[in-house]
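What you see below is based on every heavy atom in this structure, not just the backbone, and it leaves out hydrogens, waters and symmetry mates.
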Amino acid sequence: MTVVGRVAALWRYPVKSMAPEELDGAEVSWHGLAGDRRWAFIRDGQVRSGFPWLTIRERPELARYRPRFAEPDRPNASRTLVRTPSGSELDVADPALAAELGPGVRVIKQDRGIFDTMPLSLLTMQALESLGRLVGTGLAAGRFRPNLLVDVSAAEASRPGASAVTAVPPDAAVRDFPEDAWVGRVLRIGGLRMRVDQRDQRCVMVTIDPVTLRRNPAILRAIARDRDARFGVYGSTVAPGRVMVGDPVDLEP
């Protein structure tokens, strides 16, 4: 195997389009990170739509609603609580929360997760920096809502005690968008084996800063112009396992 980076950060999103939880570690099953995107809100009149979800595109302030698990060690079984921008905390299934989000809005839960495409999303710090140069501004990973952020510059630090692992020289590892080269390959990340299935096609959500809620259309224009509208990658689980921040990311032969 070849070390191609290390896990720099991990996030899960208990409620689709709401704020993430940053984690030190997480169990990853066939359906993504435990507790990830199990809940979502549906827009009124969109039940039969191919994309019925209420998202940051329609209501940017969703990014300021902060979900958490009452039992963090049991995310798939725990109650999910949501702190609203006003400071109140409601159960995700409380009708008062849906009413606050809009007329006719309702919530659903799917134990397999409510994913746009695939259950795992990955982005490298190097791709984030490269896109920032194209746009002409610094960009935070949270705007792109990945599960895993990987630092390719850490590739030279091979896994301790694993003599079969060879490290990629830094000059070869630090490319502008390194994850593109992993499509069709399998990554071993801690106890997880993840197949990188495809590049992530982006939409207008990436133009919205999740902190300020300001829009910057130049970001999507740059991705469309220079990246074929794709940025980061999607993946699926080959073998479930635990992932921790700091774990090496190995590219299988």
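Note on E22 versus R12: no salt bridge recorded, every NZ/NE/NH1/NH2 to OD/OE distance being 4.0 Å or above. With salt bridges taken as basic N to acidic carboxylate O contacts below 4.0 Å, one links R143 and D209. Ion pairing between a basic and an acidic side chain is recognised when a charged N comes within 4.0 Å of a carboxylate O; E89 and R68 show such pairing. Between R145 and D200 there is no salt bridge, since no side-chain nitrogen of the basic residue lies less than 4.0 Å from a carboxylate oxygen of the acidic one. Under 4.0 Å is where a charged nitrogen must lie from a carboxylate oxygen, and between E252 and R188 at least one such pair does.
Side-chain contact check for E21 versus P67: every heavy-atom pair is 4.5 Å or farther apart. In this structure the side chain of V249 never reaches within 4.5 angstrom of the side chain of V3, judged on heavy atoms. Residues W30 and R112 are not in side-chain contact: their nearest non-hydrogen atoms beyond the backbone lie 4.5 Å or more apart. In this structure, V28 and T237 have side chains that are in contact, with non-hydrogen atoms separated by less than 4.5 Å. By the 4.5 Å heavy-atom criterion applied to side chains, L149 and W11 are counted as neighbours.
Expressed to the nearest 0.5 Å, how far CZ of R43 lies from CZ of R59 amounts to 13.0 Å. F231 contributes atom CZ, which lies 12.0 Å from atom CG of D226 (distance to the nearest 0.5 angstrom). To the nearest 0.5 Å, the span separating CD on Q198 from OG1 on T117 amounts to 6.0 Å. Of the inter-residue distances, the one linking Q46 atom CD with F51 atom CZ reads 10.5 Å to the nearest 0.5 angstrom. Atom CG of D116 is separated from atom SG of C203 by 7.5 Å, given to the nearest 0.5 angstrom. Atom-to-atom distance recorded for R37:CZ and S17:OG is 8.5 Å, nearest 0.5 angstrom.
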Does D247 form a salt bridge (charged side-chain N to carboxylate O under 4.0 Å, His left out) with R6? I'd like the steps, not just the answer.
CA-CA 5 Å; D247 278 344; R6 287 188 178 270; over 6 Å; no

With side chain to side chain contact (heavy atoms under 4.5 Å, CB included) as the test, would you mind laying out the steps for L148 and L123 before giving the verdict?
CA-CA 6 Å; L148 299 104; L123 183 65; over 6 Å; no

Evaluation steps, salt bridge (charged side-chain N to carboxylate O under 4.0 Å, His left out), between R38 and D111:
CA-CA 6 Å; R38 296 329 191 221; D111 290 337; over 6 Å; no

Given side chain to side chain contact (heavy atoms under 4.5 Å, CB included), test R106 with I108 step by step and report yes or no.
CA-CA 7 Å; R106 67 181 181 88; I108 66 165; 3.3 Å; yes

Evaluate V7 against I189 for side chain to side chain contact (heavy atoms under 4.5 Å, CB included), listing each step before the verdict.
CA-CA 8 Å; V7 178; I189 311 172; 3.4 Å; yes

Taking it one step at a time, do R230 and D180 satisfy salt bridge (charged side-chain N to carboxylate O under 4.0 Å, His left out)?
CA-CA 10 Å; R230 290 161 173 81; D180 288 359; over 6 Å; no

What do the steps show when you test W182 against L187 for side chain to side chain contact (heavy atoms under 4.5 Å, CB included), and what is the final call?
CA-CA 8 Å; W182 304 340; L187 301 174; 3.9 Å; yes

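Cluster annotation: L120 is connected to V183 through the hydrophobic network of ILVMFWY side chains, with a link wherever side-chain heavy atoms come within less than 4.5 Å. A chain of hydrophobic side-chain contacts below 4.5 Å, direct or via other Ile, Leu, Val, Met, Phe, Trp or Tyr residues, connects V150 to V245. Linking ILVMFWY side-chain heavy atoms closer than 4.5 Å, directly or via other members, places V233 and V206 in two distinct hydrophobic clusters. At a threshold of 4.5 Å between side-chain heavy atoms, the hydrophobic network of Ile, Leu, Val, Met, Phe, Trp and Tyr places L192 and V196 in one connected group. M194 is connected to L10 through a chain of hydrophobic side-chain contacts under 4.5 Å among Ile, Leu, Val, Met, Phe, Trp and Tyr, so both are in one cluster.
Annotation for D176 and S130: closest pair O-OG, 2.9 Å, computed over non-hydrogen atoms. Of all heavy-atom pairs spanning P146 and Y13, the tightest one is O-OH, 2.7 Å. Here the shortest heavy-atom pairing between M125 and A8 reads SD-CB, 3.7 Å. Nearest approach of S29 to P240, heavy atoms of both residues: CA-CB, 4.0 Å. Considering every non-hydrogen atom in both A222 and L134, the closest pair reads CB-CB, 4.5 Å. The shortest non-hydrogen separation linking S236 to P119 is CA-CG, 4.4 Å.
Cluster partners of I208, by chain and number: V15, M18, W39, F41, L54, I56, L62, Y65, V82, L90, V92, L97, L101, V105, V107, M205. The rule joins Ile, Leu, Val, Met, Phe, Trp and Tyr whenever side-chain heavy atoms lie under 4.5 Å apart.
Applying the 6.0 Å contact sphere to CZ of R242 captures more than 12 heavy atoms from other residues, nucleotides or ligands.
Legend: residues meeting side-chain hydrogen bond (donor to acceptor under 3.5 Å, both in side chains) with R64, ordered by chain and number and at least two apart, are absent.
Distance alone, capped at 3.5 Å, is enough to place a donor-acceptor pair between the T55 side chain and the R57 backbone. A donor-acceptor pair under 3.5 Å is absent between the side-chain atoms of S78 and the main chain of F69, judged by distance alone. One N or O on the side chain of T124 and one on the backbone of A127 form a donor-acceptor pair closer than 3.5 Å. Panel note: side chain E129, backbone Q126; no donor-acceptor pair is recorded below 3.5 Å. In this structure a side-chain-to-backbone donor-acceptor pair under 3.5 Å is present from R199 to R227.
Using a 3.5 Å distance cut-off with no hydrogens or angles, the side chains of D228 and Q201 do not pair a donor with an acceptor. Side-chain polar atoms of T207 and N216 form no donor-acceptor pair below 3.5 angstrom.
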